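Before any comments, here is the structure.
Note that the coordinates shown come from a computational prediction; the quantities given were computed from them, not determined experimentally. All residue numbers in this chain count up from 1 along the given sequence.
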Amino acid sequence: MTNLTIATWNVNSVKARIGHLLDWLRATAPDVVLLQELKCEDAAFPRMEIEDLGYNVATYGQKTYNGVAILSRHPLSDVSRGIPDFDDEQSRYIEGVISVGQCAVRVASIYVPNGQDPQSDKFEYKKRFLGALACHTASLHRLRELCVLGGDYNIAPRALDVYSPKALEGTVCFHPDERARLITIVNQGWYDTFETLNPSAQQFSWWDYRGQGYAACHGL
């Protein structure tokens with residue numbers, strides 16, 4: 001199979017970031033892009049601008065919040081929206097099959113809820129979402145297909161993945177309940193790609209903009 005570049009990006013409003021997105025697509029030309037937090041409905045997605053760069057587009061949008069998408073320079077088919085058998089009003093999961101010559105790769109763009117606070121209803125929703133996701137990923141694994149589950153998981157699974165395990169233990173995104181649920185998914189037979197390729201590396205993908213988290217290297 002030829003090399004396939006798959007990128008994932010929480011774009012935090014695709015309309016607000018469209019200039020950055022188009023510049024990045026022109027500069028890097030990834031084969032597949034998995035977007036999260038579109039913050040727009042399907043009809044408002046800037047489809048034409050992205051298609052003009054040679055991408056097929058599938059979206060699962062939502063007004064103001066959430067929303068996920070798959071962009072592919074190769075044929076895209078078998079698109080499904082939402083986790084099967086999970087009653088969810090929020091647009092957080094989209095899945096499709098990328099055809100590359102004689103090979104096919106199933107991809108999913110996943111936007112796991114943040115959870116807000118471990119004592120909140122939103123955290124309970126996050127745990128239900130992860131439980132439903134685990135059921136679905138188990139069924140995908142049984143297909144024995146090439147499959148990539150990309151996205152914003154809103155979970156730092158290892159102590160190495162946070163700037164201060166002691167200070168953050170039990171807080172949202174580093175709570176043992178959500179870490180256990182993510183480990184359950186990985187233990188089905190999946191690989192955490194970053195950890196597999198960089199087992200001892202500490203690299204953050206999120207910083208709290210409050211309190212100058214980036215400048216202080218207080219990342220997750």
Side-chain angles (χ1 to χ4, degrees), residues 6-13 17 34-39 62 64-68 82-83 86-94 108-141 147-220:
I6 301 176
T8 180
W9 183 5
N10 180 321
V11 72
N12 191 20
S13 176
R17 309 280 183 264
L34 309 174
L35 296 177
Q36 304 85 42
E37 208 169 353
L38 305 180
K39 292 187 175 179
Q62 183 176 343
T64 308
Y65 302 103
N66 308 317
V68 284
I83 299 173
F86 181 55
D87 187 13
D88 191 2
E89 296 179 351
Q90 301 188 25
S91 301
R92 293 182 174 273
Y93 184 94
I94 188 170
S109 181
I110 307 167
Y111 182 34
V112 174
N114 173 274
Q116 192 176 57
D117 183 274
Q119 305 304 316
S120 69
D121 291 342
K122 291 184 178 180
F123 192 70
E124 292 302 313
Y125 164 61
K126 182 176 190 176
K127 291 191 288 186
R128 292 196 304 273
F129 182 96
L130 289 167
L133 181 62
C135 290
H136 183 51
T137 56
S139 68
L140 291 179
H141 193 267
C147 186
V148 174
L149 307 172
D152 181 353
Y153 282 79
N154 268 314
I155 302 169
R158 306 173 296 164
L160 188 65
D161 297 324
V162 298
Y163 73 90
S164 175
K166 184 176 180 180
L168 295 175
E169 179 65 34
T171 62
V172 70
C173 297
F174 194 60
H175 192 282
D177 288 353
E178 56 191 324
R179 280 153 42 205
R181 283 165 170 78
L182 182 58
I183 290 169
T184 294
I185 292 174
V186 174
N187 285 348
Q188 293 169 353
W190 302 96
Y191 292 89
D192 180 327
T193 307
F194 182 80
E195 181 181 350
T196 301
L197 297 176
N198 308 275
S200 301
Q202 184 178 64
Q203 183 170 316
F204 302 139
S205 59
W206 181 87
W207 299 261
D208 194 337
Y209 65 89
R210 297 163 296 186
Q212 296 187 329
Y214 183 80
C217 201
H218 287 178
L220 282 74

ask   = Where does the angle between the aromatic ring planes of Y163 and H218 fall among parallel (under 30°), tilted (30 to 60°) and perpendicular (over 60°)?
value =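 Y163 and H218: parallel rings.
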
**Asked** Using 30° and 60° as the class limits, which term best fits the ring planes of F86 and F129: parallel, tilted or perpendicular?
**Response**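 Perpendicular.
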
Given 3.5 Å as the limit, does a donor-acceptor pair link the side chain of [X] with the main chain of [Y], or not?
X    : Y    : answer
S109 : L35  : yes
R92  : V68  : no
Q116 : K122 : no

* **Residues forming a side chain to side chain donor-acceptor pair (under 3.5 Å) with D117, sequence neighbours excluded** =>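 Residues passing side chain to side chain donor-acceptor pair (under 3.5 Å) with D117: none at all.
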
| task | Could you check N66 against Q90 for side chain to side chain donor-acceptor pair (under 3.5 Å), going step by step and ending with a plain yes or no? | result | CA-CA 7 Å; N66 308 317; Q90 301 188 25; 3.2 Å; yes

* With the side chain counted from C-beta on, respond yes when L160 and E195 share a heavy-atom pair under 4.5 Å apart, and no when they do not. =>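 A side-chain contact is absent here, since even the closest heavy-atom pair is not under 4.5 Å.
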
Checklist line | ring pair (Phe, Tyr, Trp, His ring centres under 6.0 Å) partners for F123, two or more places apart | finding: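 F123: ring pair (Phe, Tyr, Trp, His ring centres under 6.0 Å) contacts with H175.
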
Q: Please lay out, stage by stage, how K127 and E124 fare under the test salt bridge (Lys or Arg N to Asp or Glu O under 4.0 Å).
A: CA-CA 5 Å; K127 291 191 288 186; E124 292 302 313; 3.1 Å; yes

Next item on the list: Look at atom CG of D87 and say whether more than 12 heavy atoms of other residues, nucleotides or ligands are closer to it than 6.0 Å.
Entry: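 No.
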
Please determine whether a side-chain nitrogen of the Lys or Arg among E37 and R17 lies less than 4.0 Å from a carboxylate oxygen of the Asp or Glu.
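The answer is no: the pair does not qualify as a salt bridge.
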
